[in-house]
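Below: one structure, written as structure tokens.
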Amino acid sequence: MTRRLVCALAVASVLVSACSSGASFSTSTDAGETTTTPPASTAAPPAIAPAIPVDPDLVPEGDPDLLAALVLFPGELPAPYDGLPFDPVESGYSPAGGSLSSALDPGDEADDIIRFGEVAEFSTAYGDPNVVGVAFNAAQFATPEGGAAYLEDWVSDLSSSAEAPSDVRFVLEGFHSEVLAGLGDQAIRVGYTGRFLLSDGSSSTRPGGAVAVRKGVLVLWVWGNGARAEQILDDFTDLAAVRVAAVADGTLPPRDYASLGLTDPPTLALDSFAFTYEYGVEADEGRFVVRIVGEFEGPDRTSCRTTIAVAGLSPMETYLIAAGTRVWLGDQTGYQELLLRDPTALSALRSCPGHPIHWESTKLHRLVVGDGEQVVVSGVDALRSDLSRDHAAMMAAGFLEAEIDEFARYELTVAADGGWPIQLDVERTVTVEAALRMYGLPVDDLQFPDAPAVAYERLALSRINDPSIRVTLPLLAG
């Protein structure tokens with residue numbers, strides 16, 4: 001399963017239900033839980049009690065410049081790691097909730113962000129994690145108590161995952177942890193071997209581990225991956241402790257995070273915008289299309305209206321409004337506030353270009369458009385390039401070498417000033433079975449699994465920095 005095209009499907013189980021109810025893409029499977037919005041009369045699940053007392057009024061705005069001072073930038077890694085290449089795809093700033101796309105258990109992590117008052121994160125990564133990989137992840141919390149409780153919960157979650165894996169695609173083996181005395185206010189070291197399930201059914205293993213050091217409300221993780229993982233942690237533990245202490249006491253001041261040279265997603269680069277996002281599959285056996293339109297109002301509000309059309313069935317429509325980590329889903333009957341951890345909420349946010357989770361899932365803003373065609377889109381000077389024959393760019397987008405020839409086009413358009421994505425047009429020719437697998441749909445009992453199919457994805461931003469855009473929160477939610 002690849003990062004692009006797959007990550008956005010907010011309605012997979014709706015389509016499963018449709019398919020098993022007589023749509024042209026016929027399968028024989030139980031429907032499972034759906035991602036449609038519960039009726040307004042359905043009682044919301046009980047809120048999880050906070051692990052510590054975090055007053056919402058005390059939660060500050062994320063400070064990317066502060067967090068940028070914690071992580072190591074290119075040119076700062078000591079020997080023998082100074083030759084490792086910088087990985088821009090896995091680096092950058094993420095407001096609270098943005099990193100849920102890469103969490104082992106997104107639902108549990110969503111709870112933790114709220115319970116422990118996590119504010120924001122910043123990461124930098126170097127090398128190849130399968131060979132020698134070093135990564136730094138900094139986090140800011142609303143209170144020191146929240147940061148301390150988060151670290152304890154982090155170790156507990158990893159230990160539980162090793163004992164009872166929730167996802168067979170990645171399993172921790174041989175997990176161990178220890179408290180490190182005399183470093184910051186709190187320091188913990190963990191180690192493990194990760195086992196990855198590959199697309200061909202085989203698996204590979206990779207040693208890994210991390211050291212986390214906290215000082216006040218700031219936490220810095222150093223991650224080591226590959227055969228030298230333990231040595232990496234030995235080499236960077238003291239450096240991490242010194243770094244956190246220096247930033248916490250002001251000895252090392254904040255620095256301009258933009259100096260790292262990474263492109264911000266539109267949700268950080270722009271004050272507001274509207275968007276149209278569409279993706280789906282077309283084949284002789286049938287078709288489905290998901291169309292999402294909405295608006296973003298900075299710094300953290302978005303609305304999305306999703307229309308799902310499956311061949312032979314009436315279209316379905318759902319609505320989403322989000323403000324930071326608060327989420328409301330609705331239909332024609334009204335809105336209901338859901339916990340961020342709710343699978344329905346998380347799936348909907350991944351498909352909504354007005355929310356950071358979407359951009360952290362797709363990493364679209366990390367793809368580089370160099371000498372592209374000069375165009376004007378929505379009044380913005382832009383560069384457009386077809387990356388489908390640029391193997392390096394496609395592999396950076398998360399595709400395997402063998403998949404690249406499947407693309408008829410992968411046109412990405414970015415703003416000439418700022419580099420943030422403004423348009424995407426993708427078309428890929430695969431089999432029906434492969435198309436359904438891409439979107440996490442069942443493939444058992446397909447009538448013609450090898451029949452050709454076209455998977456496509458289109459995104460367009462408009463009304464750039466329009467001051468009239470307003471996202472109104474539901475008055476009766478919750």
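- With sequence neighbours left out, the salt bridge (Lys or Arg N to Asp or Glu O under 4.0 Å) criterion links Glu427 to Arg409.
- Residue pairs meeting the side chain to side chain donor-acceptor pair (under 3.5 Å) criterion with at least one partner in residues 368-382, sequence neighbours excluded, are absent.
- At distances below 3.5 Å, at least one donor-acceptor pair connects side-chain atoms of Trp359 with backbone N or O atoms of Pro353.
- Residue pairs meeting the disulfide bond (SG atoms under 2.5 Å apart) criterion with at least one partner in residues 313-375, sequence neighbours excluded, are Cys304-Cys352.
- Residues Phe116 and Trp154 have side chains not in contact (no heavy-atom distance under 4.5 Å, counting atoms from C-beta outward).
- Every residue meeting the ring pair (Phe, Tyr, Trp, His ring centres under 6.0 Å) condition with Tyr81, not counting sequence neighbours, appears here in chain and number order: Phe236.
- Identified under the salt bridge (Lys or Arg N to Asp or Glu O under 4.0 Å) test for residues 288-307, with sequence neighbours left out: Glu278-Arg291, Glu295-Arg463, Arg305-Glu317.
- Using modelled atom types, one side-chain atom of His176 and one backbone atom of Gly174 make a donor-acceptor pair closer than 3.5 Å.
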His358 and Tyr277: ring-ring contact (aromatic ring centres under 6.0 Å, His included), yes or no, with the steps?
-> CA-CA 11 Å; His358 173 83; Tyr277 183 39; 5.3 Å; yes
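- With sequence neighbours excluded, the residues satisfying side chain to side chain donor-acceptor pair (under 3.5 Å) with Thr413 are Arg384.
- Residues passing the side chain to side chain donor-acceptor pair (under 3.5 Å) test with Thr263, sequence neighbours excluded: none.
- Put simply, the side chain of Asp425 never gets that close to the backbone of Arg458: no donor and acceptor are under 3.5 Å apart.
- Taken to the nearest 0.5 Å, the OH atom of Tyr456 stands 15.5 Å off from the CZ atom of Phe407.
- Without hydrogens or angle criteria, Ser91 side chain to Asp87 main chain gives a donor-acceptor distance under 3.5 Å.
- Applying the side-chain contact (heavy atoms from CB on, under 4.5 Å) rule to Ala120 yields the partners Leu67, Tyr93; only residues at least two apart in sequence or on another chain are considered.
- One N or O on the side chain of Arg470 and one on the backbone of Pro467 form a donor-acceptor pair closer than 3.5 Å.
- Test Glu282, Glu406, Glu457 against Arg428 for salt bridge (Lys or Arg N to Asp or Glu O under 4.0 Å) and you get one pass: Glu406.
- Every ring pair (Phe, Tyr, Trp, His ring centres under 6.0 Å) that Phe86 has, sequence neighbours left out, goes to Tyr126.
- By the salt bridge (Lys or Arg N to Asp or Glu O under 4.0 Å) test, Asp264 is found to be paired with no residue, residues two or more places apart in sequence or in another chain being considered.
- Applying the disulfide bond (SG atoms under 2.5 Å apart) test to residues at least two apart or on different chains, none of the pairs has a partner in residues 309-345.
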Start with the C-alpha gap between Asn137 and Ser123, add the side-chain angles, then the distance that decides, and say whether side chain to side chain donor-acceptor pair (under 3.5 Å) holds.
-> CA-CA 4 Å; Asn137 177 237; Ser123 299; 2.8 Å; yes
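- Partners of Asp390 by salt bridge (Lys or Arg N to Asp or Glu O under 4.0 Å), not counting sequence neighbours: none found.
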